[in-house]
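Throughout, a chain's letter reflects where its sequence line sits, starting with A, and its residues are numbered from 1. Bear in mind that the values here come from a model prediction, so they are computed numbers and not experimental data.
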Amino acid sequence: MKTFYLTTPIYYVNARPHLGHAYTTIVADAIARYKRLGGHRVALVTGTDEHGQKIERAALEAGVEPQKFVDTISAEFRSQWERLGLEYTHFERTTSAHHRKAVEKIFQAVQASGHIYKGHYRGRYCFHDEAFVTDTGEEAECPLCGRPTELVEEENYFFRLSAFEQPLLDYYQKHPAFIRPETRRNEVISFVKEGLRDLSISREKLKWGIPMPGVEGQVFYVWFDALTSYLSGVGYGHPGTGEEKFADCWPADLHLVGKEILRFHAVYWPAFLMAAKLPLPKAIFAHGWLIFEQDKMSKSKGNIVSADPLVDAVGIDGLRYYLMRNIVFGQDSTFSYAGLVQRFNSDLANDLGNLASRTLAMIGRYFKGSIPDPGPEAVQESREAAIIEAAGKTITEFQSKFDNFEFSRGLELVWRFISNLNKYLVETEPWVLAGKEDEASKARLATVLYTSAEALRITAVLLYPIIPTAMQKLWAQLGFPEPLENMRYANLAWGQLPLAQKTGQAEVIFPRLDKEKTIARLSAGTAIGKAVGTAAGKATDTATRTAAEPASKPQKGISMPPDATDFITIDDFSKVDLRAGEIKSAERIEGATRLLKLTVDIGAEVRQVLAGIAEHYQPEDLVGMKVVVVANLKPRKMRGLESQGMVVAASVGEEGKPVLVTFNQDVPNGSKLS
RNA sequence: GGCGGGGUAGCUCAGGGGUCAGAGCGAGGGUCUCAUAAUCCCUAGGCCGUGGGUUCGAUUCCCACCCCCGCUACCA
């Protein structure tokens with residue numbers, strides 16, 4: 001059988017590893033373990049994407065060579081995975097020598113098939129975001145930052161993406177499971193149907209990249225370089241043994257990506273591969289984002305959640321379980337400390353942990369810690385038959401859910417089984433049986449505790465991919481000397497718990513957490529970036545969206561009170577020219593749901609100001625209202641209209657409902673606030 | 001604007017033309033005592049977004065509307 005090969009994205013090193021990165025990688029690790037128990041050899045490649053202008057610049061600002069800069073951050077990713085106990089077979093770096101060979105090789109293959117040509121790239125460019133801006137008119141502003149863009153032109157090499165429109169559509173059609181979830185697949189198809197433009201794959205002005213072979217002064221542009229890591233990670237372009245490994249692994253069985261980079265994986269990547277005459281990956285799964293509780297954590301303040309404090313609070317398995325169980329894989333999910341702690345207590349501590357604890361305690365007490373003999377079938381009752389049947393069903397259905405990426409559903413099934421067992425113990429009352437002297441009761445007691453222990457054994461095997469450490473502990477407590485990871489689902493069936501096996505040392509596997517205290521502790525110490533200053537710390541500031549990045553939107557809501565390092569001086573404050581103004585007119589803007597166009601009299605002049613308050617204010621209610629205007633804010637165009645300032649409003653609640661600031665007595669228009 | 005997804009109990013969601021619309025969590029009450037003050041049992045009376053239509057009957061089908069979200073290309 002071919003090795004099951006899956007990948008995480010290779011993470012861009014302009015941001016330190018955070019919970020979003022950890023999420024993707026944890027899922028990948030869980031799938032890898034699951035596949036191993038399913039009898040597959042598994043290759044899991046993760047890594048870091050280390051080229052590009054952002055990196056070049058961040059290194060410059062940090063005062064180090066780019067290579068040194070990326071070495072530092074890349075190492076942080078590896079140490080993060082180590083702290084999380086994540087196992088991968090290869091960590092690819094795009095600055096490695098063999099990756100460079102792989103990029104050259106695939107480029108030559110694509111070139112040989114005639115899909116590369118030299119052309120001129122002409123477009124508007126935002127220097128701040130280092131982004132090319134398309135589909136905009138003259139003097140367009142950057143959609144990301146609002147700053148003006150400049151027209152640039154350079155000679156580039158292009159990939160003839162347009163030639164792959166139909167082949168891609170055909171491929172999607174023939175392989176319905178290629179892009180998942182379904183809704184993402186629809187998006188990709190509709191994107192491709194609108195027509196594909198050729199893609200420039202090289203850059204002239206960029207220095208920090210892989211040089212294009214045979215061409216002076218051009219380096220590969222991001223995706224041609226980055227995506228190829230999926231090939232170089234399993235030996236593509238490596239001389240010697242690489243060939244063999246590549247043949248065993250490629251095509252990849254699964255690329256796990258965040259939804260924000262799906263298009264590159266579902267359109268560009270297959271097109272590159274088709275052009276290079278390489279087989280296409282079997283599946284690409286785009287997961288959603290973790291949306292952080294906005295009043296507790298705020299990206300704008302730079303305190304993106306790191307996985308480390310979460311692990312300190314609930315353990316690696318607690319975090320893994322939460323992410324796999326609480327999130328419907330593929331969908332966005334709100335992340336909250338309360339949810340994390342609650343899941344831990346109710347599912348892991350109360351249900352599973354307690355079941356293990358009570359079962360093993362009774363076996364210890366009533367049978368001197370040796371697995372009792374359930375006796376002949378005659379002494380068993382319909383209750384046991386029901387448990388046995390439920391176990392069988394759980395084993396098969398759990399796998400069918402997991403095979404279909406429905407992790408939360410699969411776990412739900414296991415917990416239904418666990419719940420059955422807790423109920424079973426209450427109904428059979430082994431502690432009562434233990435107090436009786438007759439033979440029938442003794443036999444019954446043995447049956448009940450065997451049943452419970454055997455059910456735990458099966459549960460441990462099923463749950464190993466999700467909560468490996470805890471299940472290995474349970475495994476040892478059940479008395480098994482060999483590692484749990486050697487088990488195979490194919491052999492998993494009722495009745496394999498060896499009789500008279502001595503159980504191990506009893507120990508609580510999931511100690512219940514004090515909810516209030518844990519949440520308080522988490523709220524106090526989850527920020528990264530500030531406290532952990534290194535030469536590379538600057539990278540956080542330029543963080544852009546990466547896989548599973550939290551909070552894609554500008555943060556609203558109540559942010560944390562500033563700590564001492566956030567103080568500004570009075571001079572800083574006085575840079576902001578705040579003026580009292582009177583709203584003279586207000587009207588809706590066609591096609592805009594949130595924006596209102598206001599004219600505000602600020603004394604010396606009347607300004608046109610656009611405000612995103614249409615959802616909460618009626619235009620007619622605003623006229624005549626005194627408001628506070630930021631008068632020296634750089635004008636910016638929105639919806640084709642220029643906004644010459646902003647009105648100040650409180651941002652209330654999770655939705656950030658705006659409440660305009662006004663005065664409690666009349667003030668002349670133009671009064672300066674200080 | 002176009003395309004796609006969605007609006008169901010406090011929360012996260014499932015369901016699907018017809019017995020009282022479901023689950024988990026949370027909350028309230030009760031129970032046992034083997035166990036991690038855990039388990040187990042009972043309780044929640046939710047206009048199933050709004051308005052029409054089809055039908056003996058719609059939350060489930062159709063139409064319109066409102067609201068939310070995603071995609072609509074070269075930051076990664």
TODO: State whether the distance check finds a donor on one side and an acceptor on the other, under 3.5 Å, for side chain A:R512 versus base B:rA38.
DONE: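 Looking at the base of B:rA38, it does not pair with any donor or acceptor on the side chain of A:R512 (distance under 3.5 Å).
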Open item on the list: Is there, by distance only and without an angle test, a donor paired with an acceptor across the side chain of A:N354 and the base of B:rA35 below 3.5 Å?
Closed with: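 Between B:rA35 and A:N354, which were checked side chain against base, a qualifying N/O pair under 3.5 Å is present.
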Side chains of [X] and [Y]: do they bring a donor and an acceptor to under 3.5 Å?
X	Y	result
A:E92	A:Y230	no
A:N354	A:R512	no
A:N156	A:Y221	no

- [ ] Over 60° means perpendicular and under 30° means parallel, so classify the ring planes of A:F407 and A:F329, tilted if in between.
- [x]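 Plane angle between 30° and 60°, so tilted.
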With a 3.5 Å cut-off and sequence neighbours excluded, list the donor-acceptor pairs that the side chains of residues 176-184 of chain A form with protein atoms.
{"from": "A:R180", "atom 1": "NH1", "to": "A:N404", "atom 2": "OD1", "distance (Å)": "3.3"}
{"from": "A:R180", "atom 1": "NH2", "to": "A:N404", "atom 2": "OD1", "distance (Å)": "2.9"}
{"from": "A:R184", "atom 1": "NH1", "to": "A:E187", "atom 2": "OE1", "distance (Å)": "3.1"}
{"from": "A:R184", "atom 1": "NH1", "to": "A:E187", "atom 2": "OE2", "distance (Å)": "3.1"}

Among [options], find the nucleotide with the atom closest to the side chain of [X].
X	options	result
A:F264	B:rU33, B:rA73, B:rA76	B:rA76
A:Y221	B:rA76, B:rC25, B:rC13	B:rA76
A:R365	B:rC34, B:rA73, B:rG4	B:rC34

TODO: Can you tell me the distance, in whole Å, between the CG atom of A:L348 and the C1' atom of B:rU39?
DONE: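 Taking atom C1' of B:rU39 as the reference, CG of A:L348 is at 16 Å.
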Task: d(CD1, A:I189; C1', B:rG2) in whole Å - done: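 So the CD1-C1' distance, A:I189 to B:rG2, works out to 16 Å.
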TODO: Would you confirm whether A:T447, through its side chain, and A:A443, through its main-chain N or O, come within 3.5 Å as a donor-acceptor pair?
DONE: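 Side chain of A:T447 to backbone of A:A443: a pair is present.
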TODO: Nearest-nucleotide wise, let me know which of A:S346 and A:V328 is further upstream toward the 5' end of RNA chain B.
DONE: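 In this pair, the answer is A:V328.
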Open item on the list: Reading RNA chain B from 5' onward, which residue's closest nucleotide shows up sooner: A:N326 or A:Y366?
Closed with: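 It is A:N326 whose nearest nucleotide is closer to the 5' end.
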Open item on the list: Looking at A:Q173, I want to see if its CD is surrounded by more than 12 non-hydrogen atoms of other residues, nucleotides or ligands under 6.0 Å.
Closed with: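 No, not enclosed.
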Task: A:Q166, CD atom: more than 12 neighbouring heavy atoms under 6.0 Å - done: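 Counting other residues, nucleotides and ligands, CD of A:Q166 exceeds 12 neighbours.
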Considering every strand and a 4.0 Å limit on heavy-atom distances, what is the contact class for [X]: base, sugar-phosphate, or nothing?
X	result
A:A349	base
A:G353	base
A:V222	sugar-phosphate

Task: Whole-Å P distance, B:rA58 and B:rG49 - done: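 To the nearest whole Å, 15 Å.
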Task: From CD (A:E204) to CG (A:L206), nearest 0.5 Å - done: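 Going from CD on A:E204 over to CG on A:L206, the span is 11.0 Å.
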TODO: Please list, by residue number, the residues of residues 413-422 of chain A whose heavy atoms come closer than 4.0 Å to an atom of RNA chain B; answer none if no residue qualifies.
DONE: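 Residues of residues 413-422 of chain A that come under 4.0 Å of RNA chain B are, in numerical order, A:S419, A:N422.
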Open item on the list: Wobble G-U and Watson-Crick pairs count when both distances are under 3.5 Å; given that, what is the 5' to 3' dot-bracket string of RNA chain B, with | for pairing to other strands?
Closed with: (((((((..((((....[...)))).((((.........)))).....(((((..]....))))))))))))....
Open item on the list: B:rG6, OP1 or OP2 - any side-chain N/O from A:Q331 closer than 4.0 Å?
Closed with: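 For B:rG6, neither OP1 nor OP2 has a side-chain N or O of A:Q331 closer than 4.0 Å.
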TODO: Look at A:K193 and B:rU72 and indicate whether a side-chain polar atom (N or O) is within less than 4.0 Å of OP1 or OP2.
DONE: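 Indeed not, no polar side-chain atom of A:K193 lies that close.
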